[in-house]
Amino acid sequence: MGSSWIAMVDCNNFYVSCERVFDPSLEGCPVVVLSNNDGCVIARSEEAKTMGIGMGEPAFRRRKFFESHGVRVFSSNYALYGDMSARVQQVLARFSPEVEPYSIDECFLLLRLKDDAALSSLAKDIRKTVRRWTGIPVCVGLARTKTLAKVANRLAKKRAEGQGVWMLDRPETIEQELSRLEVGEVWGIGRKNAARLARYNVRTALDLVRRPRDWVRRQLSITGLHTALELQGIPAIAFQEHPPAAKSVTCSRSFGVRIGEAAALEEALCAYVQRAAEKLRGRRLEAGVVQVFLATNRFVEEPQYSDSAVFSLPTPTAYTPLLQRAALDLLRKIYRKGYLYQKVGVLFLELIPRGQRQRSFAEYGHASEVCRQEELMRVLDGVNGRFGRGALRFAGDGLGPKAWHMRQEHLSRRYTTRWAELPVVR
DNA sequence: TCTGGGGTCCTAGGACCC
DNA sequence: TCTGGGGTCCTAGGACCC
């Protein structure tokens, strides 16, 4: 009998695997990759997991341990990981015309088969091919719904006998697996919801499935109900071959050190606006609304303050100087003297595709000015695309040394992107 | 000294209108 | 002058994901 299945393909320890592809000496060693600012651990090799290094652990508390145990440490290198992710997706696209990239290291595939018996050999073939062509090891979970495919993927990772593939098809085995799965581990449930469910003695995925639908809906809202249905094999979360258009674009960073002066915050914000605007243009979008936020460090015992403010642009734009001006005005509105700040950021909202903008009356008189702006941004992005981000930038983010720059003390090279051999152009 | 960043979705409550 | 209900829209806050 032919039918359709969902495959969840998830790269193993993705960031670590990317580093290993280009540095085979890392094979067999404990390896960790740190978040931006070298803040906390966001990827661990199997060896590192075995040593008890936790996901999300602050790196500074582990520094000595890393040194004494020969743990190889990397700052996150998103240029590299993004490129490797695209390669993996290209390989997966050969196995199904219906692919939904879910995150940088996960894809759902819709597999329509004439004969279900071929399913597990197809999954093994996917695994082998991705490994051979990209160097990245993956695991494949197979089931009738996305949520069950995620469960199956966990099992593929955990159970060696599956050789990286696990299928959840028979109702009895599904029930058995759900009875062993903590409800908080289910995709979409999360820690807080798990704690709430525990008060009603719902501790496993099977406990949840056995509750009446209206009860689940009351406790977990409509999204939780969808999850519960999916665990029963009833598709409730759509397969999205074409991802919906983005609703927001943002850029924010924690600083290397805390900052009190407005001038330094303004420099940092200008740089983030430039970066976010670049993303905007890369996706051929324009922003209708700008939001700026800033915050002190919640981990230290100092006076705390955070706020945000929004501004609706007269016409949507992706022109960096206009966006920077709006953002700086907002920052000046919410900035309070006397605090040490940890972070500022910018969000663009009300995004519309470029060229779909309604021209304002005033703008008709400025058509050539708008063309000039677009041309300038095209040149800017072109130069930065060729010579590296930041090769050409605005003076607003400062010419002197930057206290607000993030720490990246363990960065690997940009192996896969162009000009990797050249020093950064200044 | 040192604790990520970028997204999405849902709900409750208030404002406003008829 | 007072009273009512229903609908829509917006926002803030909170939850989730990787």
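Keep in mind that the numbers below use all heavy atoms, side chains included, and drop hydrogens, waters and symmetry copies. Residue numbers start from 1 in every chain, and the chains themselves are labelled A, B, ... in the order their sequence lines are given, proteins ahead of strands.
- Listed by chain and number, the residues in a side chain to side chain contact (heavy atoms under 4.5 Å, CB included) with A/Ser85 are A/Phe14, A/Gln89, A/Ile104 (sequence neighbours excluded).
- Residues A/Cys11 and A/Ser17 are not in side-chain contact: their nearest non-hydrogen atoms beyond the backbone lie 4.5 Å or more apart.
- No contact: A/Glu57 has no heavy atom under 4.0 Å from any strand.
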Dot-bracket encoding per residue of DNA chain C, Watson-Crick/G-U cut-off under 3.5 Å, | denoting interstrand
....||||||||||||||
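- Listed by chain and residue number, A/Cys139, A/Trp166 satisfy the side chain to side chain contact (heavy atoms under 4.5 Å, CB included) test with A/Ala156 (two or more places apart in sequence, or in another chain).
- Residue pairs that meet the salt bridge (charged side-chain N to carboxylate O under 4.0 Å, His left out) test with at least one member in residues 293-315 of chain A, sequence neighbours left out, are A/Arg258-A/Glu302.
- Near DNA chain B, meaning a heavy atom under 4.0 Å from it, residues 201-219 of chain A has A/Arg217 in order of number.
- Contact of the A/Val151 side chain with the A/Val186 side chain is not registered, since no non-hydrogen atoms from C-beta on lie closer than 4.5 Å.
- Stacking of A/Lys146 on the aromatic ring of A/Phe108 is recorded, both the 6.0 Å distance cut-off and the 45° axial limit being met.
- In summary, the aromatic rings of A/Tyr15 and A/Tyr78 are positioned with their centroids under 6.0 Å apart.
- Here A/Glu350 contributes atom CD and A/Gln291 contributes atom CD; the two are 11.0 Å apart, rounded to the nearest 0.5 Å.
- Looking at residues two or more places apart in sequence or on another chain, you find a salt bridge (charged side-chain N to carboxylate O under 4.0 Å, His left out) between A/Arg87 and A/Asp83.
- Atom NZ of A/Lys49 has more than 12 neighbouring heavy atoms from other residues, nucleotides or ligands inside a 6.0 Å radius.
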With a cut-off of 3.5 Å and sequence neighbours excluded, list every side-chain donor-acceptor pair involving residues 232-248 of chain A.
from, atom 1, to, atom 2, distance (Å)
A/Gln232, NE2, A/Ala228, O, 3.0

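- One C1' atom belongs to B/dC2, the other to C/dC18, and the distance between them is 24 Å to the nearest Å.
- In this structure, A/Leu34 reaches neither bases nor backbone, as no heavy-atom distance under 4.0 Å exists between it and the strands shown.
- For the segment residues 329-351 of chain A, the set of residues with a heavy atom within less than 4.0 Å of an atom of DNA chain B comprises A/Gln342, A/Lys343, in numerical order.
- Counting any heavy atom pair closer than 4.0 Å across all strands shown, A/Ile104 reaches no nucleic acid atom.
- When the nearest nucleotides of DNA chain B are assigned to A/Ser252 and A/Gly56 by heavy-atom distance, the more 5′-ward of the two goes with A/Gly56.
- In this pair, A/Phe255 and A/Tyr272 present their aromatic rings parallel. The plane angle is below 30°, not in the 30 to 60° band.
- Residues passing the side chain to side chain contact (heavy atoms under 4.5 Å, CB included) test with A/Ala143, sequence neighbours excluded: A/Leu148, A/Ala149, A/Leu168.
- With a cutoff of under 4.0 Å to any heavy atom of chain A, the contacted region of DNA chain C is bounded 5' to 3' by C/dA15 to C/dC18.
- Using modelled atom types, one finds a donor on one side chain and an acceptor on the other under 3.5 Å when comparing A/Thr223 with A/Ser221.
- Among the atoms of the strands shown, only primed sugar atoms or phosphate atoms (P, OP1, OP2) are found under 4.0 Å from some heavy atom of A/Arg191.
- Backbone-only contact: A/Asp105 has heavy atoms under 4.0 Å from sugar-phosphate atoms and none from a base.
- Against DNA chain B, the stretch residues 237-247 of chain A makes heavy-atom approaches under 4.0 Å through A/Ala246, A/Lys247.
- Every residue two or more places apart in sequence or in another chain that forms a side chain to side chain contact (heavy atoms under 4.5 Å, CB included) with A/Ala198 is listed here: A/Arg203.
- Ranked by how close their nearest DNA chain B nucleotide is to the 5' end, A/Arg258 and A/His226 are led by A/Arg258.
- Contact check for A/Tyr415 versus A/Met84: no side-chain heavy atoms found under the 4.5 Å cut-off.
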